[in-house]
Amino acid sequence: MHHREEGWVKILSIPSPSLQNNTADADRLIEALKNRLATPRLEVAIDLELLQRLPFILRQEDSELCCTLFKDHGHWVLVDLQPLHSAKPPAGLAVDLGTTRVVLRIVDLSSDALLGESAFDNPQIDIGPDILTRIHYADRPGGLQHLQQLICEAVNRQIIALCHSCSRLPEEILLIAVAGNTAMTHLLLGLCPHWMIREPYIPVTNRPGLIPAASLGLQVNPQARVFVFPNIGSYFGGDLIAGILYSGLHRADEPALLVDVGTNAEVVLGNSQWLIACAGAAGPALESGVTRMGTLAAPGVIDRVRLDRTAKRFKIHTIADQPPHGICGSGLIDLAAQLFLSGLIDFRGRFQARACGDRLIDIDGTEHLIVVPSTDSATGKALTISQTDLDSLIRSKAAMYTILETITGTVGIQLEDIATFYVAGTFGTFIQPTSAIGIGMLPDLPLKAFKPLGNSSLGGATSLLRSDCSIEEIDRSRDRITYLELKVTPDFLNRGSAAKFLPHTDRSRFPSVRPPVDL
């Protein structure tokens, strides 16, 4: 069994008792652990169930022991102890607890290897697609228990299937790391979220700490522990703290930005010395449902668009190269940038009838531009973008840029001073930075500054399972964060108004964006 120095699994030998060394078994074990961990001051807790097995484990012929530990705020917990020769390789489970989608990943705690991954729709969607509906439902008699039961049972089903797919047993899972927003973690733990959404917006806890998996009814090793990433408050959750850990933003020398776009745009700015964070509504037009053909990323969804100016037709790319039936956020941003740079829309985002030609049609009194003709679409109906869709996208992009401008302005730096710009989530995976810059959604930085992170929430949970230093990093990051309340001040409103043009009222901010040309 391969072991890493910084991992949660430690190999050690315990001196045998003698008349000269007649301390209790648990005391000798704890002393050996403290020496191995080089932390004489930290407490090491051992559960009763493990104490009951301890004398028999220590008196087996094999003198080496495989210890699986986890750490809470200020103390270690010995989760499992096995003779090395017969030890089953311990596993960890990373969980991205999303409002819409939940992702699980199994990690071998000894070797660091990723063993398997699976995703499923959060079953609480049946109660309500959004967080508010679920929080109101939790106020009903038995509502909170039902919401908790839904998610825990779904996780259990996935654990069994995932373990089976990578030839492991659920009992081998000893450590679980969960990253989610404040509401989702409250519902997982059965904590009442009622006061989170009412002034002054108070969660039950910001730091749940280590929790026995058995108390949540999770079907893993009975001794397993769950670490739930801490939140800053009701609107800044553990998923963002996980993103900071995964990106390494908290270790950077130069100022860096982390943006995660979901229902809200959540932004963290900082480096190893300081961190500032805020959240604002900039997401819906980038997710789904805002455009008539808008949808989440899936096979057959348009994720990239180019306009062939010579042939005057759109070149589209769909996920999995399936016939097109919709467009996701990255495709929409691509499309808007192409329309602007080709002069089909003006700097206000208005269709230019002469340039659009016969592609511009009227549907129920609203102008629509045909992107995919009916003959080429999977639905047999033309895929179009309306003036209303464009207006909505411009509002979202203006909100996004204004949030970025406000958070950097608060600490007295320019957006151009940002060394690294981390973009998390599916937004970060699919988005073309040139297109986002083209419409003035993201600042005009060198392309090498943009770093897509993918699922940073899952990445952070995985990072925690791989390093026994992670808990301190999480605590240090969390304690350093200043949360900026984006009040609707005149300054914020003025910035928002200036950003509602393509790419911006102040064109000097976007030197790489060429002015529209006539077709």
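We count residues from 1, following the sequence as given.
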A.B. asks: Going through the distances and angles, do Ser497 and Asn494 end up as a side chain to side chain donor-acceptor pair (under 3.5 Å)?
C.D. replies: CA-CA 5 Å; Ser497 300; Asn494 291 341; 5.4 Å; no
A.B. asks: Ser463: which residues meet the side chain to side chain contact (heavy atoms under 4.5 Å, CB included) condition with it, sequence neighbours left out?
C.D. replies: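 With neighbours one apart ignored, the set is Leu245, Tyr246.
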A.B. asks: For Asp468, check salt bridge (charged side-chain N to carboxylate O under 4.0 Å, His left out) against everything at least two apart and list the hits.
C.D. replies: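 Once residues adjacent in sequence are excluded, the partners of Asp468 under the salt bridge (charged side-chain N to carboxylate O under 4.0 Å, His left out) criterion are Lys10.
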A.B. asks: Okay, side chain of Arg134, backbone of Thr99: is any donor-acceptor separation there less than 3.5 Å?
C.D. replies: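 Indeed, once roles are kept as given, a pair shorter than 3.5 Å links the two residues.
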A.B. asks: Under 3.5 Å, side chain of Asn122 to main-chain N/O of Gln124, donor-acceptor pair present?
C.D. replies: yes
A.B. asks: For residues 430-443, run the donor-acceptor check on the side chains, cut-off 3.5 Å, and write out each pair with its distance to 0.1 Å, sequence neighbours left out.
C.D. replies:
unit_1: Ser435; atom_1: OG; unit_2: Asp334; atom_2: OD1; d: 2.4

A.B. asks: Kindly compute the distance separating CG (Asp303) from CD1 (Ile327), expressed to the nearest 0.5 Å.
C.D. replies: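 Between Asp303 CG and Ile327 CD1, I get 9.0 Å after rounding to 0.5 Å.
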A.B. asks: Is there a side chain to side chain contact (heavy atoms under 4.5 Å, CB included) between His317 and Arg306 once you walk through the steps?
C.D. replies: CA-CA 9 Å; His317 176 270; Arg306 287 291 170 267; over 6 Å; no
A.B. asks: Please check if any side-chain donor atom of Gln158 sits under 3.5 Å from a side-chain acceptor atom of Ser118, or the reverse.
C.D. replies: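 Result is yes, a qualifying pair exists.
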A.B. asks: Is a side-chain N or O of Asp479 found less than 3.5 angstrom from the main chain of Arg476, in a donor-acceptor match?
C.D. replies: no
A.B. asks: Quick one: are Phe236 and Ile481 in side-chain contact, heavy atoms under 4.5 Å?
C.D. replies: yes
A.B. asks: Who passes side chain to side chain donor-acceptor pair (under 3.5 Å) against Glu472, sequence neighbours left out?
C.D. replies: Lys71
A.B. asks: In this structure, is the centre-to-centre distance between the rings of Trp8 and Phe70 below 6.0 Å?
C.D. replies: yes
A.B. asks: Report yes or no: do Asp444 and Ser512 form a side-chain donor-acceptor pair below 3.5 Å?
C.D. replies: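 Yes, Ser512 and Asp444 have a side-chain donor paired with an acceptor closer than 3.5 Å.
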A.B. asks: Between Ser247 and Gly243 (side chain of the first, backbone of the second, donor and acceptor by atom type, cut-off under 3.5 Å), is there such a pair?
C.D. replies: yes
A.B. asks: Got a sec: does the CD of Gln322 have more than 12 other heavy atoms crowding it under 6.0 Å?
C.D. replies: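 Yes, because the 6.0 Å sphere around CD of Gln322 holds more than 12 heavy atoms from other groups.
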A.B. asks: Within the structure provided, determine whether Leu33 and Cys67 are in side-chain contact (heavy-atom separation under 4.5 Å).
C.D. replies: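 Yes; the side chains approach each other to less than 4.5 Å.
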A.B. asks: Going by an N to O cut-off under 4.0 Å, is there a salt bridge joining Asp112 and Arg466?
C.D. replies: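 Looking at Asp112 and Arg466, the cut-off is met.
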A.B. asks: Answer yes or no: is there an ion pair linking Arg509 with Glu405, defined by an N-O contact shorter than 4.0 Å?
C.D. replies: yes
A.B. asks: Walk me through whether Leu188 and Val178 qualify under side chain to side chain contact (heavy atoms under 4.5 Å, CB included).
C.D. replies: CA-CA 10 Å; Leu188 173 75; Val178 178; 4.0 Å; yes
A.B. asks: Can you classify the ring geometry of Phe347 versus Phe501 as parallel (below 30°), tilted (30 to 60°) or perpendicular (above 60°)?
C.D. replies: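 Ring orientation of Phe347 relative to Phe501: parallel.
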A.B. asks: Looking at His250 and Leu275, would you say the former's side chain and the latter's main chain have a donor-acceptor pair under 3.5 Å?
C.D. replies: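 Side chain of His250 to backbone of Leu275: no pair is present.
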A.B. asks: Would you say the side chains of Thr133 and Asp130 form a donor-acceptor pair under 3.5 Å?
C.D. replies: yes
A.B. asks: Is any side-chain heavy atom of Leu257 closer than 4.5 Å to a side-chain heavy atom of Leu404?
C.D. replies: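 When only atoms from C-beta onward are counted, Leu404 and Leu257 do touch, with a gap below 4.5 Å.
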A.B. asks: Could you give all pairs that pass the side chain to side chain donor-acceptor pair (under 3.5 Å) test and reach residues 197-210, with sequence neighbours left out?
C.D. replies: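 Listed once each, the pairs are Asp72-Arg207, His194-Arg198, Asn206-Asn231, Arg207-Asp475.
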A.B. asks: For the side chain of Thr318 and the backbone of Ile302, is there at least one donor-acceptor N/O pair under 3.5 Å apart?
C.D. replies: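 Not confirmed, Thr318 side chain does not pair with Ile302 backbone.
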A.B. asks: Ile418 versus Ile413: any side-chain heavy-atom pair under 4.5 Å?
C.D. replies: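 Heavy-atom side-chain distance check passes, below 4.5 Å.
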A.B. asks: Please test Glu473 against Arg251 for side chain to side chain contact (heavy atoms under 4.5 Å, CB included), starting from the C-alpha separation and ending with a verdict.
C.D. replies: CA-CA 9 Å; Glu473 286 194 63; Arg251 292 193 296 268; 2.6 Å; yes
A.B. asks: Taking Ser111 for the side chain and Ala113 for the main chain, is one N or O donor matched with an acceptor at less than 3.5 Å?
C.D. replies: yes
A.B. asks: Do Ser392 and Asp389 have side-chain atoms, one donor and one acceptor, less than 3.5 Å apart?
C.D. replies: no
A.B. asks: Is it true that a side-chain atom of Thr185 and a backbone atom of Thr182 form a donor plus acceptor pair closer than 3.5 Å?
C.D. replies: yes
A.B. asks: Test Leu269 against Trp274 for side chain to side chain contact (heavy atoms under 4.5 Å, CB included), laying out the working first.
C.D. replies: CA-CA 8 Å; Leu269 168 68; Trp274 53 272; 3.9 Å; yes
A.B. asks: Check for a donor-acceptor pair, side chain of Arg168 on one end and backbone N or O of Pro89 on the other, with a separation under 3.5 Å.
C.D. replies: yes
A.B. asks: Do Thr462 and Arg105 meet the criterion of a side-chain donor-acceptor pair at a distance under 3.5 Å?
C.D. replies: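 Judged by distance alone, the side chains do pair up.
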A.B. asks: For residues 447-459, pull every pair meeting side chain to side chain donor-acceptor pair (under 3.5 Å), keeping only residues two or more places apart or in separate chains.
C.D. replies: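 Of all non-adjacent pairs touching residues 447-459, those that pass side chain to side chain donor-acceptor pair (under 3.5 Å) are Asp96-Asn455, Asp96-Ser457.
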A.B. asks: Considering only heavy atoms from C-beta outward, does the side chain of Glu117 approach that of Val103 to under 4.5 Å?
C.D. replies: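 Yes, side chains in contact.
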A.B. asks: Please check this pair: side chain of Gln352 against backbone of Arg350, looking for a donor-acceptor N/O pair closer than 3.5 Å.
C.D. replies: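 Judged by distance alone, yes, a pair lies under 3.5 Å.
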